[in-house]
Amino acid sequence: MGKILIITIRGKGGGAEKIIENLVGSNLDKFIWINMEPFLHYRFLFRYIKFFWMIFNQIKKVDKIIIGTEGLLGLIVFPFRIFFWKKFILWNHCSFDDYKFFLNKKNRFFYRLSYIFYPKCISASPVFKKDCFLPNPYFFKKKINYKNNFLNSDSFLLLSVSSLARLKRVDRTIELLISLPFKYSLKIYGDGVERTNLQNIVVNAGVQERVSFLGFKDDPFEQNVSLARILIVNSETEALPTIIIEAIENNVPVIVREYNGAKYWKNFNMVTVKKQIEHDDVIERVNYFSRLGSDEYSKMFAQDISRLKKLHDYSAFAEFLYDI
């Protein structure tokens, strides 16, 4: 098996970048990852020249190229597809039909061109064709403690863990918090273009004491581990969010707003999928977990983890990339 080159724009800050980091770190002899992160401090044109030169130097060492997004990056890489007889594959995260509405006309055009230039594609979205669907991999902890923190708790913590982009709709989660009793609070992990707007919503609603903006953290679920926590996912569109797996692994139940592909989660014990997440849905889940005994609570989490390990194994993911 030859080496695989993975090319992305970003090098940190998202679930996809974390997956690539783990994949490359565990298979240093099989994968090379390059991204534009080291060149962002350069002027616009110069950063692309540096990036292009790095691709040129690395592409000669590999047999297969995985392009970690569509759009402009696909166009940057396309000249190499003409001059190098290697296999080029698009690896996107969501279904284009879902997130195209969040792109301007120029980027929609770029993305459509990418699909024409690279007919071979894989996706983490379950709504893609079966032969293109590749579930996100995950490294699971060896020892997990599932303690029911909802028992005898008189306060509850909602979590939002994502980039603060418009399509993540963290504003919905803030509105949800506003509608809940005072014993509920919200911690928002992540950063992005919507942060100022979201902070204004919090101030205007007068709930500053109940909402915290904490920026990006490598280990958001290792904070406040003794509290009764629920992860809220209110995104307009998703693929197969690794953050849901991470939440389950860390003893945090999840409520997900229904999106195209969310049925993937419907048979898991600790993931609740709702057409829209209302305050009654949160209260119902809290009451349900508060009535569960510790053994039953722990068993439900363990069942979910056992199933997820079979679906999201890193070695199976790597083998798929080798064989595609």
Side-chain angles (χ1 to χ4, degrees), residues 8-10 12-20 22 68-71 90-103 107-108 111 121-130 132-138 158-176 186 188-194 198 216 220-221 229-250 252-278 281-282 285 304 307-308 311-312 317:
T8 64
I9 294 291
R10 294 196 309 176
K12 57 185 178 181
E17 288 74 31
K18 193 171 183 179
I19 289 169
I20 298 170
N22 289 333
T69 185
E70 310 92 321
L90 273 184
W91 178 16
N92 70 359
H93 196 59
C94 300
S95 166
F96 175 69
D97 288 338
D98 288 334
Y99 66 73
K100 65 184 179 183
F101 302 107
F102 295 90
L103 301 172
N107 282 328
R108 282 193 209 180
Y111 275 56
C121 128
I122 55 177
S123 173
S125 174
V127 301
F128 262 63
K129 296 177 183 178
K130 188 176 181 182
C132 288
F133 173 48
L134 181 59
N136 286 333
Y138 188 80
L158 305 185
L159 301 178
S160 172
V161 185
S162 71
S163 64
L164 302 186
R166 186 162 62 98
L167 61 82
K168 296 298 183 179
R169 294 308 304 267
V170 178
D171 58 312
R172 289 176 176 155
T173 304
I174 295 172
E175 296 293 341
L176 177 66
L186 169 64
I188 298 172
Y189 293 94
D191 217 332
V193 296
E194 284 290 293
L198 296 171
F216 282 118
F221 295 109
R229 302 170 293 168
I230 296 180
L231 175 68
I232 305 295
V233 180
N234 252 321
S235 304
E236 195 69 37
T237 180
E238 284 285 358
L240 221 171
T242 305
I243 202 66
I244 294 179
I245 304 174
E246 193 172 346
I248 296 172
E249 185 188 37
N250 285 277
V252 179
V254 186
I255 305 178
V256 182
R257 183 182 186 274
E258 190 170 9
Y259 61 88
N260 195 9
K263 64 182 180 181
Y264 183 89
W265 303 105
K266 284 195 172 180
N267 292 322
F268 286 89
N269 297 317
M270 291 303 181
V271 182
T272 304
V273 179
K274 292 289 183 180
K275 196 164 188 67
Q276 294 188 47
I277 305 175
E278 307 287 353
D281 299 320
V282 177
R285 287 283 85 190
D304 282 355
R307 187 176 172 203
L308 286 168
L311 294 168
H312 299 270
F317 183 89

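All heavy atoms count here, side chains included; hydrogens, waters and symmetry mates do not.
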Could you tell me whether the side chain of [Y] reaches within less than 4.5 Å of the side chain of [X], counting heavy atoms only?
| X | Y | result |
| --- | --- | --- |
| V254 | I243 | no |
| V233 | W265 | no |
| I20 | T8 | yes |
| P253 | T272 | no |

Chi angles and distances behind the side chain to side chain contact (heavy atoms under 4.5 Å, CB included) call for N267, R307 | CA-CA 10 Å; N267 292 322; R307 187 176 172 203; 3.5 Å; yes
Plane angle bin for H312 and Y264 - parallel if under 30°, tilted between 30 and 60°, otherwise perpendicular =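 Perpendicular, since the angle between the ring planes exceeds 60°.
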Return the [atom1] to [atom2] distance between [X] and [Y], rounded to the nearest 0.5 Å.
| X | Y | atom1 | atom2 | answer |
| --- | --- | --- | --- | --- |
| L164 | D171 | CG | CG | 10.5 Å |
| L159 | F221 | CG | CZ | 6.0 Å |
| I277 | R285 | CD1 | CZ | 12.0 Å |
| I248 | D304 | CD1 | CG | 5.0 Å |
| F268 | I244 | CZ | CD1 | 9.5 Å |
| I232 | L186 | CD1 | CG | 8.5 Å |

So, for [X] and [Y], which heavy atoms are closest and what is the spacing to 0.1 Å?
| X | Y | value |
| --- | --- | --- |
| P135 | L311 | CB-O, 3.8 Å |
| R229 | N250 | NH2-O, 3.3 Å |
| P126 | G261 | CG-O, 3.9 Å |
| V252 | L231 | CG1-N, 3.5 Å |
| S162 | F216 | O-CE2, 4.5 Å |
| R257 | K275 | CG-O, 3.6 Å |

Apply side chain to side chain contact (heavy atoms under 4.5 Å, CB included) to I188 and V170, showing your working.
-> CA-CA 8 Å; I188 298 172; V170 178; 4.0 Å; yes
Basic-acidic side-chain contact under 4.0 Å: R169, E236 |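 Yes, R169 and E236 are salt-bridged.
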Can E238 and K168 be counted as an ion pair, charged N to O under 4.0 angstrom?
->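 Yes, this pair counts.
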Run the side chain to side chain contact (heavy atoms under 4.5 Å, CB included) check on Y138 and N22 step by step: do they pass?
-> CA-CA 8 Å; Y138 188 80; N22 289 333; over 6 Å; no
